[in-house]
J.: 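Quick one: this structure, given as structure tokens, is what I'll be asking you about.
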Number of protein chains: 2
Amino acid sequence: MDPLSATFSALADPTRRAILARLAEGSATVNELAEPFDISLPAVSRHLKVLESANLIRREVEKQKRRCFLQPQALKTASDWVDLYSRMWTESLDGLEKYLDDLKQAKD
Amino acid sequence: MDPLSATFSALADPTRRAILARLAEGSATVNELAEPFDISLPAVSRHLKVLESANLIRREVEKQKRRCFLQPQALKTASDWVDLYSRMWTESLDGLEKYLDDLKQAKD
DNA sequence: ATGTTATTTAATTAATAGGTTAATTTTATG
DNA sequence: CATAAAATTAACCTATTAATTAAATAACAT
């Protein structure tokens, strides 16, 4: 899967976004991350794997625990894409040129 | 599905992102949008339905054709989320406070 | 009325996602 | 050494996604 798709589909799940939100307040272990959710630990573990392979988090082994940290670079990839298109779309829709072009296309 | 999840999962598919990229250059009908892809028309039609229910595009009936247009507001929702977290994460990782907090958490 | 163009809906299939419980690995501790 | 804690892996189930082909609908052209 391409990195951008991986990032967006990682972000598409509310549980994973909540995990990221929690991690924005500081690092946490898997059990700490799982605590607020009423899903099983293996389910959380899989969510973390998704976030990790999208490079949105990083894990450090620490005794038997695995501490999770945010990895902000990956979000930047998505952020760049969204910003680029945000800008393109706004221009594309504000521009008189495009407006006229659309009218012309719509006419034939 | 919540709007943010809908937007991110719509953006998670490369075909759909390509369709959006095409639409950034101007409106297009379903057949025009389908042309560059070697997937069937029904497949494209379903992708458009996904984009439409995420409010990323809008469709106008025009004789037998359906003209698709970008709908930039929805991207803004995603853009806002990404920007918020981008900012939070950067702060969270740059801040000495958080760094020390992480160290302390990591120690016990 | 018939055929053509543009698109959607229906029915089906294969793959993936997200969840579960049970078993396993690794490290720590009585 | 036996047990507990932390997390992952395995095996499994179900729902959703993305694709297909075939049929249906709608508007227009002849």
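Treat the numbers as computed from the prediction; the structure is a model and nothing was measured. The sequence lines fix the lettering, A, B, ..., with proteins before strands; numbering per chain opens at 1.
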J.: So, does B:Lys49 get its side chain near the phosphate of C:dT9, meaning an N or O under 4.0 Å from OP1 or OP2?
T.: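 For C:dT9, OP1/OP2 do have a side-chain N/O of B:Lys49 under 4.0 Å.
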J.: Tell me: CZ of B:Arg59 to C1' of D:dA26, nearest whole Å?
T.: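 Spelled out: CZ on B:Arg59 to C1' on D:dA26 is 15 Å.
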J.: Base, sugar-phosphate or nothing for B:Thr29? Non-hydrogen atoms, less than 4.0 Å.
T.: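 B:Thr29: backbone/sugar contact only, no base atoms under 4.0 Å.
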J.: Output the rounded distance in Å from CE (B:Met1) to P (D:dT16).
T.: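 To the nearest whole Å, that distance equals 11 Å.
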J.: Counting side-chain heavy atoms from C-beta on, which of D:dA18, D:dA7, D:dA27 comes nearest to B:Lys63?
T.: D:dA27
J.: Please give, in whole Å, the distance from D:dA27 P to B:Lys65 NZ?
T.: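 So the two atoms are 15 Å apart, to the nearest Å.
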J.: Let me know the distance between CG of B:Leu48 and P of D:dT17, rounded to the nearest Å.
T.: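 So the two atoms are 16 Å apart, to the nearest Å.
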J.: Consider the side chain of B:Arg66, meaning its heavy atoms from C-beta on, and name the nucleotide among C:dT7, C:dT9, C:dG19 that approaches it most closely.
T.: C:dT7
J.: Measure from CZ on A:Arg67 to P on C:dT26 and round the result to the nearest Å.
T.: 21 Å
J.: Output the single nucleotide from C:dG18, D:dA6, C:dT7 whose closest atom is nearest the side chain of A:Asn31.
T.: D:dA6
J.: If you look at every heavy atom in A:Ala78 and A:Thr7, which pair is closest and at what distance?
T.: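 Result for this residue pair: CB-CG2, 3.7 Å.
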J.: Which residue in the set A:Leu51, A:Leu48, A:Leu11 passes side-chain contact (heavy atoms from CB on, under 4.5 Å) when paired with A:Arg16?
T.: A:Leu51
J.: Closer than 4.0 Å, any side-chain N/O of B:His47 to the OP1 or OP2 of D:dA19?
T.: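 For D:dA19, OP1/OP2 do have a side-chain N/O of B:His47 under 4.0 Å.
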J.: Side-chain N or O of B:Arg46 versus OP1/OP2 of D:dT20: is the shortest distance under 4.0 Å?
T.: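 B:Arg46 to D:dT20 OP1/OP2: no side-chain N or O under 4.0 Å.
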J.: Reckon B:Leu41 touches a base, only the sugar-phosphate, or nothing at all at heavy-atom distances under 4.0 Å?
T.: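 Base contact - B:Leu41 has a heavy atom under 4.0 Å of at least one base atom.
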J.: With respect to the phosphate group of D:dT8, does any side-chain polar atom (N or O) of A:Ser45 fall under 4.0 Å of OP1 or OP2?
T.: yes
J.: Starting at CD of B:Gln64 and ending at P of D:dT25, how long is that distance when rounded to a whole Å?
T.: 17 Å
J.: Rounding to an integer number of Å, can you tell me how far A:Glu62 CD sits from D:dA5 P?
T.: 18 Å
J.: Check the distance between C:dT26's P and A:Glu60's CD and give it to me in whole angstrom.
T.: 20 Å
J.: Salt bridge check, B:Arg87 against B:Asp83: does any charged N sit closer than 4.0 Å to a carboxylate O?
T.: no
J.: Counting side-chain heavy atoms from CB outward, which of C:dA6, C:dT20, D:dT8 is closest to A:Ser40?
T.: C:dT20
J.: Which pair of non-hydrogen atoms, one from A:Leu33 and one from A:Arg22, has the smallest distance, and what is that distance?
T.: CD2-CG, 3.6 Å
J.: Judged by each residue's nearest nucleotide on DNA chain C, which is more toward the 5′ side, A:Asp38 or B:Val44?
T.: B:Val44
J.: Might you work through the side-chain contact (heavy atoms from CB on, under 4.5 Å) test for A:Phe8 and A:Leu4, ending with a clear yes or no?
T.: CA-CA 6 Å; A:Phe8 282 133; A:Leu4 203 45; 3.7 Å; yes
